[in-house]
Amino acid sequence: MLIEQGQIPKHIAIIMDGNGRWAKSKGNIRSYGHKAGVDSVRDITEACAQIGVKYLTLYAFSTENWDRPKIEVNALMRLLANSLRKEAENLNENNIKLETIGQIDRFPKKCQRELQEAIELTEGNDRLHLCLALSYSGRWDITEAVKKLAHQVKDGNIDPEDIDDEMISGHLSTADIPDPELIIRTSGEYRLSNFLLWQLAYSELYITETYWPDFRRNELYKAIQSFQQRERRFGKLSEKKQKKSSSLYVQELTP
Ligand code: IPE
Ligand code: IPE
Ligand code: MG
């Protein structure tokens, strides 16, 4: 499979969806799907590091996911803590830096400890930033940024008129990370489910029917191939059309 080395997205974000349906299709309970999903996380993370992606943000648990049955939430918490313990060393050996966005303080203490340890262990790494979105939602992120800015206005440190796009970006949980060029959602759902609402403004969308536990590196390469065939216009005119219209314009001027 051919992907252009020069055009690898710097930041890929993924909504890892479909674990429950994957498990059900195999006659198993939902948590079996979550467990299998961890193997996909490992494979996709390693593949991203190998091909030169610099930032990978994975939607692992949304603010709304707290409203699932307690038994599922607890299983997810256990899986998170166990996976972190098992995978931290592997991440470190692969020179991958672990980060998180979201309300980590809502997680059980055990998860918070495992997260903290893995983050500290991988602190000095720089091949790939793996950012887990945990108890995250885009609206929460924007709300927090608004609060921070409101406090600064109240304290007289900024003038409301100075608030611009860049300042808002700089107060989000992703302040130090470039916006994702590519957002992938698995399991065929055509929605953002409150993921990086601000940051995805101009990201290219790639939706596949594949459930997350079946999403492995070949699927990732397909998504990148699709991305590389897109023309990103950012509201401007097409490069191709521009050339065409400018050559037309020249024709009109020529007697
Ligand atoms: C995604 O899979 C994982 C999380 C949201 C934690 P789901 O658990 O949403 O699986 P489906 O969408 O019900 O199949
Ligand atoms: C989005 O999946 C959240 C994560 C993948 C963590 P959901 O399964 O929670 O989203 P909806 O309910 O289908 O929108
Ligand atoms: Mg789902």
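The chain is numbered in sequence order, starting from 1. Counting starts at 1 for both ligands and their atoms, in listed order.
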Novice: Measuring from the heavy atoms of Ala60, does anything fall under 4.0 Å of ligand 1?
Specialist: yes
Novice: What orientation do Phe107 and Phe61 show, parallel under 30°, tilted 30 to 60°, or perpendicular over 60°?
Specialist: perpendicular
Novice: Between the side chains of Thr143 and Arg139, does any donor sit under 3.5 Å from an acceptor?
Specialist: no
Novice: Which word best sums up how the rings of Tyr55 and His129 line up, parallel for under 30°, tilted for 30 to 60°, or perpendicular for over 60°?
Specialist: tilted
Novice: Report yes or no: does Ser187 have a heavy atom closer than 4.0 Å to ligand 1?
Specialist: no
Novice: With a 4.0 Å cut-off on heavy atoms, is Arg185 in contact with ligand 2?
Specialist: yes
Novice: Which atom name would you report as the N, O or S atom of Asp17 nearest the Mg ion (ligand 3)?
Specialist: OD1
Novice: So, does Asn194 use its side chain to make a donor-acceptor pair with the main chain of Gly138 at under 3.5 Å?
Specialist: yes
Novice: Give me the nearest non-hydrogen protein atom to atom 10 (O) of ligand 1 as residue plus atom name, then the distance to 0.1 Å.
Specialist: Gly20 N, 2.9 Å
Novice: Give a yes/no verdict on whether any heavy atom in Arg68 is under 4.0 Å from an atom of ligand 1.
Specialist: yes
Novice: Could you work out, for atom 13 (O) of ligand 2, the closest of Arg191, Glu189, Glu64 by heavy-atom distance?
Specialist: Arg191
Novice: Which bit of Ser62 is near ligand 1, meaning a heavy atom under 4.0 Å away: side chain, backbone, both or neither?
Specialist: neither
Novice: Under a 3.5 Å cutoff, is there a donor and acceptor pairing between the side chains of Ser40 and Asp43?
Specialist: no
Novice: Who's the nearest protein heavy-atom neighbour of atom 9 (O) of ligand 2, and how far?
Specialist: Asn65 ND2, 2.9 Å
Novice: Give yes or no for whether the N/O distance cutoff of 3.5 Å, strictly under, is met between Trp22 and ligand 1.
Specialist: no
Novice: Just do the side chain to side chain donor-acceptor pair (under 3.5 Å) check on Gln116 and Gln112 with the steps written out, would you?
Specialist: CA-CA 6 Å; Gln116 202 46 43; Gln112 292 191 40; over 6 Å; no
Novice: Would you mind checking which non-hydrogen protein atom is closest to atom 5 (C) of ligand 2, with the distance to 0.1 Å?
Specialist: Met16 O, 3.4 Å
Novice: With a 4.0 Å cut-off, strictly under, does atom 7 (P) of ligand 2 pick up any protein heavy atom?
Specialist: yes
Novice: Test your reading of the model: is there a side-chain donor-acceptor pair from Glu181 to the backbone of Lys10, 3.5 Å cut-off?
Specialist: yes
Novice: Is it true that Lys24 lies under 4.0 Å from ligand 1, counting heavy atoms only?
Specialist: no
Novice: Of the backbone atoms (N, CA, C, O) and the side-chain heavy atoms from C-beta on, which set of His34 has a member under 4.0 Å from an atom of ligand 1: side chain, backbone, both, or neither?
Specialist: side chain
Novice: Counting each atom of ligand 2 from 1 as listed, which ones have a heavy atom of Phe61 under 4.0 Å away?
Specialist: 6 (C)
Novice: Can a salt bridge be assigned to the pair Arg216 and Glu219 using a cut-off of 4.0 Å between side-chain N and carboxylate O?
Specialist: no
Novice: Report yes or no: do Ser193 and Arg185 form a side-chain donor-acceptor pair below 3.5 Å?
Specialist: yes
Novice: Under a 4.0 Å heavy-atom limit, does Ala133 contact ligand 2 with its side chain, its backbone, both, or neither?
Specialist: neither
Novice: Which ligand 2 atoms are under 4.0 Å away from a heavy-atom of Ser193?
Specialist: 1 (C), 10 (O), 11 (P), 14 (O)
Novice: Please identify which atoms of ligand 2 are closer than 4.0 Å to at least one heavy atom of Asp17.
Specialist: 2 (O), 8 (O)
Novice: For the residue pair Phe215 and Trp212, categorise the inter-ring angle as parallel (less than 30°), tilted (30 to 60°) or perpendicular (more than 60°).
Specialist: parallel
Novice: Any side-chain heavy atom of Asp141 within less than 4.5 Å of one from Trp198?
Specialist: no
